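Right, one structure below, let's go through it.
Counting convention: from 1, in listed order, for ligands and their atoms alike. No experiment lies behind these values; they were computed from the predicted model shown.
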Amino acid sequence: MEGIASNLLEIRRRVHDAARAAGRDPSAVRLIAVSKTKPAGMIREAFDAGQTLFGESYLQEFLEKCDDAELEGCPLEWHFIGHLQSNKVRSVIGRVSLIHGIDKVSTAEELSKQAVKRGINADYLLEINTSGEATKYGMQPLEAKAAAETLFGLPGITLRGLMTIASPDPSQAETEFRDLRLLLDAIKTQAPHPEELTELSMGMSGDFEAAIRQGATLVRVGTAIFGWR
Ligand SMILES: *Cc1c(COP(=O)(O)O)cnc(C)c1O
């Protein structure tokens, strides 16, 4: 076995080991195979190797791939992990089981409006800028705490947790993962239904083990499965 199937085996083993080493239940960490820029044929290969959960970041590319003939009949679960602007919400809603990249109250309001209009519920995560880098998307932690009450009041949508992209430096990244977990704990104390806030989406190819140590429930791995982009 080689290529995507063996990469997946290896990543699943490392996810499992990292969870065990942290005293966590390995089944509490889900692996999202990030397939952005990769063709549907590679997604098919991963699916045939047992992977069902995929993440995409670019709207147009995602829409094309999820309708690709190569994936017809494959019961895939999609997460949208890219930054989502308000005007793109209507194209994503209903096609993915979780939206990771919401970082403005106004975008959550649009998501709520579209969900109500369609009579569905949409689950989402707030993207947090834990590194303080100005070039990164994401709400500042204090901003998120201040927005929480408004977000909890929006109909048709459910805040399920937080997402972050950490700094490249490994020790700094681990601090940021811990900060995200502490922020989720703080936001839970404000929540009418804290039991819904179960998700921490953090960790990528280079840092998912540190993220698992700090409580990640969703790790987003692209390069280590599909190769360099
Ligand atoms: C591309 C991407 C990933 C995957 O990154 P790798 O380093 O290739 O594992 C994870 N999360 C987000 C939001 C991404 O855009």
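Between Arg95 and Glu56 there is no salt bridge, since no side-chain N of the basic residue sits under 4.0 Å from a carboxylate O of the acidic one. Note on Lys36 versus Glu61: no salt bridge recorded, every NZ/NE/NH1/NH2 to OD/OE distance being 4.0 Å or above.
Close approach of ligand 1 to Thr223 (heavy-atom distance below 4.0 Å) involves ligand atoms 6 (P), 7 (O), 8 (O), 9 (O). Atom numbering of ligand 1 starts at 1 in the shown order; those under 4.0 Å from a heavy atom of Ser57 are 15 (O). Residue contact check: Ile165 has heavy atoms under 4.0 Å from atoms 13 (C) of ligand 1. Annotation for ligand 1: atoms under 4.0 Å from non-hydrogen atoms of Ile81 are 11 (N), 12 (C), 13 (C), 14 (C). Set against the non-hydrogen atoms of Arg229, the atoms of ligand 1 under 4.0 Å away are 1 (C), 5 (O), 6 (P), 8 (O). Listed by number with element, the atoms of ligand 1 under 4.0 angstrom from any heavy atom of Val221 are 9 (O). Atoms of ligand 1 found under 4.0 Å from any heavy atom of Lys36 (numbered from 1 in listed order, with element): 1 (C), 2 (C), 3 (C), 14 (C), 15 (O). With ligand atoms numbered from 1 in the order given, ligand 1 contributes 4 (C), 9 (O), 10 (C), 11 (N), 12 (C), 13 (C) to contacts under 4.0 Å with heavy atoms of Arg220.
The line from OG1 of Thr189 to CG of Leu184 is 10.0 Å long, rounded to the nearest 0.5 Å. Distance OG1/Thr107 to CD/Glu109: 9.0 Å, rounded to 0.5 Å.
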Please lay out, stage by stage, how Lys38 and Ile43 fare under the test side chain to side chain contact (heavy atoms under 4.5 Å, CB included). CA-CA 8 Å; Lys38 301 296 181 185; Ile43 298 174; 5.7 Å; no
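Heavy atoms of Met163 found under 4.0 angstrom from ligand 1 belong exclusively to the side chain. With a heavy-atom cut-off of 4.0 Å, His100 does not touch ligand 1 at all.
In this structure, a donor-acceptor pair under 3.5 Å is present between the side chains of Glu199 and Thr217.
Under the 30°/60° scheme for interplanar angles, the aromatic rings of Phe62 and Trp78 are found to stand perpendicular.
Here the rule is side chain to side chain donor-acceptor pair (under 3.5 Å) with Gln214, and of Glu176, Glu209, Arg181 only Arg181 fits it.
The protein atom (non-hydrogen) at minimum distance from atom 9 (O) of ligand 1 is Ser205 OG, 2.5 Å.
Close N/O approach between Met204 and ligand 1 is not found [any backbone or side-chain N/O within under 3.5 Å].
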